[in-house]
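Chain letters run A, B, ... following the sequence lines, proteins first and then strands; every chain starts at 1.
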Number of protein chains: 2
Amino acid sequence: MQKTVKHKPLILNKFFPYRFSILQQAISENIASVYTGEFDLSRHEWRILAILGEQSGLSAKQITLLTSLEKMQISRAINSMRSNELIKETVNIKDKRFTQLYLTDKGQKIYQILVPRVLNKEKELLTALSKDEQKKLNQLLDKLHQKATLLLE
Amino acid sequence: MQKTVKHKPLILNKFFPYRFSILQQAISENIASVYTGEFDLSRHEWRILAILGEQSGLSAKQITLLTSLEKMQISRAINSMRSNELIKETVNIKDKRFTQLYLTDKGQKIYQILVPRVLNKEKELLTALSKDEQKKLNQLLDKLHQKATLLLE
DNA sequence: TATTGTTATACTCTATAACTATA
DNA sequence: TATAGTTATAGAGTATAACAATA
């Protein structure tokens, strides 16, 4: 006689959130291999570099609104990037509480090198899918994201 | 005159790996809210509970093969679960290097309570998509996973 | 009083590798 | 020699909150 199962079984390998997490890890490692390899950035540093490369002069506060990073994570990452001379800053004259952050020449150079590599890695990953499939995937993930966020409230 | 951009710009919010990572975090928090809330399990502990609830008597080595956990992560999680009396163990008689792990009655009770809740949370998340869309999503993620793994080698 | 950003602290997680016991 | 599992240790990341400067 078999043990009575009172509920649907949970097979970890078929459990959507688990599978998603494993895939996320693989994707993340692919991208991280680009920015950790030669320039030894942390994930937070890489995100800040990406943001500031695109939009100069942001404050830490603005970066919190554009990324999932919190203010002390940013403060620490900035600290490290400052000592590696990737970032310089000025105080906002109109409101001295704000610091305006910029990439240094060195920071910009690294940014210019990394962006094509990272975009290329993204492209490589996505060659697994046709253009239509990529579009479909984005739609599905958007729906899922909306629901996941809703459920967290 | 505008600054010359020598490459395609990288907009973090539209960068697939970034979006994926944000979504993963939201999904993971949804599931974690179930197993951390009442029983205060860590993610590793939860995964081990899920595995052992399904298959009794596994060794730590076997668990490494069924999850993304490594042996010392398992060793530590087991340690904590042992002191919370969720797990008991016996030595394999044929090869004394192997430990066979089992849920205690208490561990099983928690397992029986958590599985329906966790599956329900998964279901809630997936209501964002139709059955067809869920199937499609799984196919697309599988393809992506294959590619991501391949690129890591 | 409220906000920006820094710092302190304690905690969790991770990675590497040395260690034991068994084979 | 090789394997299963434990332990030590240092580093990275996280969460909470107190803090200084400015508004």
What is the distance, to the nearest angstrom, from the CG atom on B/L101 to the P atom on D/dG5? 8 Å
Quick check: does any side chain N or O of B/R19 sit under 3.5 Å from a backbone N or O of B/N13, one acting as donor and the other as acceptor? yes
Rounded to the nearest Å, what distance is computed from the CG atom of residue B/L65 to the C1' atom of nucleotide D/dT3? 13 Å
Is there a path of hydrophobic side-chain contacts, each under 4.5 Å between heavy atoms, that joins A/M81 and A/F98? no
Looking at A/Q73, does any N or O in its side chain come under 4.0 Å of the phosphate oxygens OP1/OP2 on D/dT14? yes
From CD of A/E45 across to P of D/dG11 the rounded distance in Å is 16 Å
So what does B/S75 hit on the nucleic acid, given a heavy-atom distance under 4.0 Å: a base, only sugar-phosphate, or nothing? base
Could you work out which one of D/dT6, D/dA4, C/dA2 sits closest to the side chain of B/K61? D/dA4
Any side-chain N or O of B/N79 less than 4.0 Å from the OP1 or OP2 oxygen of D/dG5? no
Would you mind telling me which of C/dA23, C/dT3, D/dG5 lies closest to the side-chain atoms of B/S59? D/dG5
Nucleotide nearest B/M72 when distance is taken to its side chain, options C/dT22, D/dA15, D/dT7: D/dT7
Spacing between A/R97 atom CZ and C/dT1 atom P, to the nearest angstrom: 17 Å
Would the distance check show the side chain of A/T64 and the main-chain N or O of A/K71 forming a donor-acceptor pair, the cut-off being under 3.5 Å? no
Which residue, A/K94 or B/I78, contacts DNA chain D at a nucleotide closer to its 5' end, judged by nearest heavy atom? B/I78
Output yes when at least one side-chain N/O atom of B/H44 is less than 4.0 Å from OP1 or OP2 of C/dT12, else no. no
Residue B/R82, side-chain atoms from C-beta onward, closest of C/dT6, C/dA23, D/dT6: D/dT6
Nearest 0.5 Å, what's the CG-OG1 distance between A/L23 and B/T149? 8.0 Å
Can you confirm whether A/I93 is buried at CD1, in the sense that more than 12 heavy atoms of other residues, nucleotides or ligands lie under 6.0 Å from that atom? no
Between C/dA23, D/dA23, D/dG13, which nucleotide gets closest to the side-chain atoms of A/S42? D/dG13
Of the nucleotides D/dA23, C/dT9, C/dA21, which one has an atom closest to the side chain of A/D95? D/dA23
Between D/dA20 atom P and A/K96 atom NZ, what is the distance in whole Å? 19 Å
Rounded to the Å, how far apart are A/Q100 CD and C/dT4 P? 14 Å
When the distance from CG of B/D40 to P of C/dT12 is rounded to whole Å, what number comes out? 9 Å
Write down the distance between CD (B/E70) and P (C/dT14), rounded to a whole number of angstrom. 9 Å
Categorize B/K71 for me: base, sugar-phosphate, or nothing, with a 4.0 angstrom heavy-atom threshold over every strand shown. base
